[in-house]
Amino acid sequence: MTAPVPAALGNPAKQHFIGGAWHPSVSGETLDTWNPATGTVLATLARGGPEDIDRAVASARRAFEGPWSRFTPNQRMMLLMRAAEVLESNYDELAMLESMDMGAPHARVLGMKGSLVQLVQYFGSQAVNWTGTTIPNSLKGSFTTLTLKAPVGVVGGIIPWNAPLLSMWWIMGGALATGCTAVIKPAEDASLTTLRTAELLMEAGVPEGVINVVTGYGTEAGAALAAHMDVDRIAFTGSTQTGREIIRASAGNMKRIQVELGGKSPDIVFADADLDRAVPGAAMGVFTNSGQICSAGTRVFVQRGIQEAFLEAMAAYTKTIRVGDPFDSETQLGPLVSERQLERVMGYVESGHQEGARLSAGGHRVGGALAQGYFMEPTIFGGVTNDMTIAREEIFGPVASVIPFDTEEEALRLANDTSYGLAGAVWTSSLGTATRMIHGMKAGKLWVNAYGLADPAVGFSGYKQSGYGMKGGRDHIEAFLYEKSVYINNL
Ligand code: NAI
Ligand code: MG
């Protein structure tokens with residue numbers, strides 16, 4: 001496409017970032033990362049394996065035991081504040097890399113600058129904000145009892161491709177705030193912003209070895225990181241299937257763990273909702289980032305009285321959504337991340353047809369000038385029942401299933417009839433309805449008359465097979481810490 005090439009792309013083959021320097025894979029092997037808008041190779045990455053993970057973990061361990069352990073909370077806070085500044089001043093390049101690597105519209109990624117900077121600043125604020133406690137005891141004799149917090153050590157982070165610029169920070173931020181070190185394994189489809197961020201962090205003053213990045217495939221580099229006996233904690237965002245494998249692999253040394261997995265989130269629209277807000281809200285709740293968001297509201301439940309009108313309005317709105325070149329400032333949806341993902345999603349569209357759902361909008365790959373990329377029309381199926389495959393499985397593409405309901409009880413029963421429980425929303429003008437629904441919905445993050453927004457100070461975690469371990473808020477920081485209880489004899 002027409003965008004200028006970021007400086008970071010002009011470097012030779014992208015390598016692992018270990019101990020503050022670039023290293024090729026021990027095996028010498030590489031893999032290609034693609035630009036999904038053009039279907040062409042964007043850069044060549046090092047293909048990491050167990051030996052590279054060994055090196056990175058050893059580097060992280062040395063840093064953890066070394067000078068990094070003597071940084072004060074205030075120094076770690078200031079480091080994160082400087083990191084926020086460095087990211088802000090290099091954001092145009094990062095946004096360019098992110099769009100080229102995973103296809104998100106450039107204007108949208110540029111719009112996320114404030115969220116990224118705030119996320120990093122939030123972690124900065126947390127560096128001086130964790131404490132132990134003193135506890136009055138009832139022991140015989142005189143004892144002081146207290147708890148001490150200490151960083152868990154080396155943290156492994158395995159992140160997906162759908163929003164790496166933000167995803168990596170849930171691990172890097174927690175590690176830097178608490179005095180842990182990290183080895184990050186970005187997704188093979190979109191590793192470039194993670195590599196560039198690690199390099200930029202050195203400019204901000206992060207000591208070498210504190211943040212390391214090993215690129216490569218999940219079954220090779222990822223699996224080696226999840227199983228590594230000298231990694232103390234693992235954080236993962238991605239599919240439920242891979243999450244299960246990571247949990248199994250972590251058992252060897254009892255790693256602490258946080259997993260944010262798939263979703264099939266309900267977005268419930270009552271007849272008394274303000275439809276001028278609910279229609280675009282529900283549409284963008286599923287189509288944003290071309291549907292590649294774990295908390296996407298993919299099951300749109302609509303009260304029967306307004307079903308036809310709603311479906312018509314949602315289809316009309318959807319037809320106005322501009323799919324196109326990520327570097328065209330008018331573009332709202334870019335391509336899917338890869339040919340594999342496009343095929344997966346088109347497979348679900350096919351299954352929707354076969355199981356008797358009715359297409360209301362979209363349903364096709366985009367051809368013409370965009371035929372070389374992995375573009376797809378935002379798609380709505382009406383007449384969906386909750387037992388159809390498209391209503392049960394995470395599609396991770398721009399496909400909405402509209403399902404009718406009559407009563408609050410029925411809406412709740414259908415919304416909760418899923419193996420997932422990541423997020424959900426309700427659109428209504430009745431406070432009573434909204435309150436009853438948010439009490440009844442079994443999901444970790446809920447919105448009323450809104451969809452998709454998030455603040456790092458407001459932690460959340462999934463229900464059921466959407467994973468566990470808090471992301472955001474105080475508990476997120478606690479997860480990077482051990483707690484020791486201490487008994488001091490007051491002799
Ligand atoms: P994935 O969950 O397999 O990949 C996510 C990350 O895990 C990548 O960095 C990958 O390299 C790594 N990984 C893969 N296998 C691994 C293993 N055995 N051990 C350690 N790490 C491993 O997801 P993938 O294949 O990219 O996408 C497939 C589907 O997963 C999507 O269609 C979507 O349904 C779901 N997904 C959900 C995400 C979410 O945020 N909920 C994010 C990405 C994918
Ligand atoms: Mg790519």
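Since we're looking at a predicted model, the values are computed, not measured. Only this structure's heavy atoms are used, side chains among them; waters, hydrogens and symmetry mates stay out.
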Ring pair (Phe, Tyr, Trp, His ring centres under 6.0 Å) contacts in which one or both residues fall within residues 397-443, not counting sequence neighbours: Phe270-Phe405
Applied to residues 326-337, the salt bridge (charged side-chain N to carboxylate O under 4.0 Å, His left out) test, sequence neighbours excluded, yields Arg322-Glu330
So salt bridge (charged side-chain N to carboxylate O under 4.0 Å, His left out) across residues 468-479, not counting sequence neighbours, yields Lys149-Glu478, Glu260-Lys471
Between Asn416 and Met441, is there a donor-acceptor pair closer than 3.5 Å when you use the side chain of the first and the backbone of the second? no
Check ion pair Arg340-Glu343 (N to O, under 4.0 angstrom): no
Under the ring-ring contact (aromatic ring centres under 6.0 Å, His included) rule, collect the residues that match up with Phe396, sequence neighbours excluded. Trp161
Those residues at least two apart in sequence (or on a different chain) that pass ring-ring contact (aromatic ring centres under 6.0 Å, His included) with His476 are Phe123, Trp170, Phe480
Who passes ring-ring contact (aromatic ring centres under 6.0 Å, His included) against Phe310, sequence neighbours left out? none
Tell me, please, which residues at least two apart from Phe301 pass ring-ring contact (aromatic ring centres under 6.0 Å, His included). none
Does Glu410 CD have over 12 foreign heavy atoms under 6.0 Å away? yes
Would you please name every residue forming a side-chain contact (heavy atoms from CB on, under 4.5 Å) with Pro36, sequence neighbours left out? Pro335, Tyr374
Can you tell whether the side chains of Arg392 and Asp417 come within less than 4.0 Å, N to carboxylate O? yes
What pairs with Thr385 under side-chain contact (heavy atoms from CB on, under 4.5 Å), at least two apart in sequence or on another chain? Asp387, Met388
Mind checking side-chain contact (heavy atoms from CB on, under 4.5 Å) for Ala361 and listing every partner two or more places apart, or none if nothing turns up? Ala315, Thr318, Lys319, Ile380
Is Glu408 salt-bridged to Arg436, going by a charged N under 4.0 Å from an acidic O? yes
Any chance the side chains of Asp325 and Thr331 put a donor and an acceptor closer than 3.5 Å? no
Salt bridge (charged side-chain N to carboxylate O under 4.0 Å, His left out) filter on Asp232, not counting sequence neighbours, yields Arg61
Check the side chains of Thr33 and Asp189 for a donor-acceptor pair under 3.5 angstrom, ignoring hydrogens and angles. no
How about Ser430 and Thr428: does a side-chain donor come under 3.5 Å of a side-chain acceptor? no
Does this structure show an ion pair linking Glu220 with Arg47, if we count only N-O contacts that are shorter than 4.0 Å? yes
Ser125: partners by side chain to side chain donor-acceptor pair (under 3.5 Å), with sequence neighbours left out: none
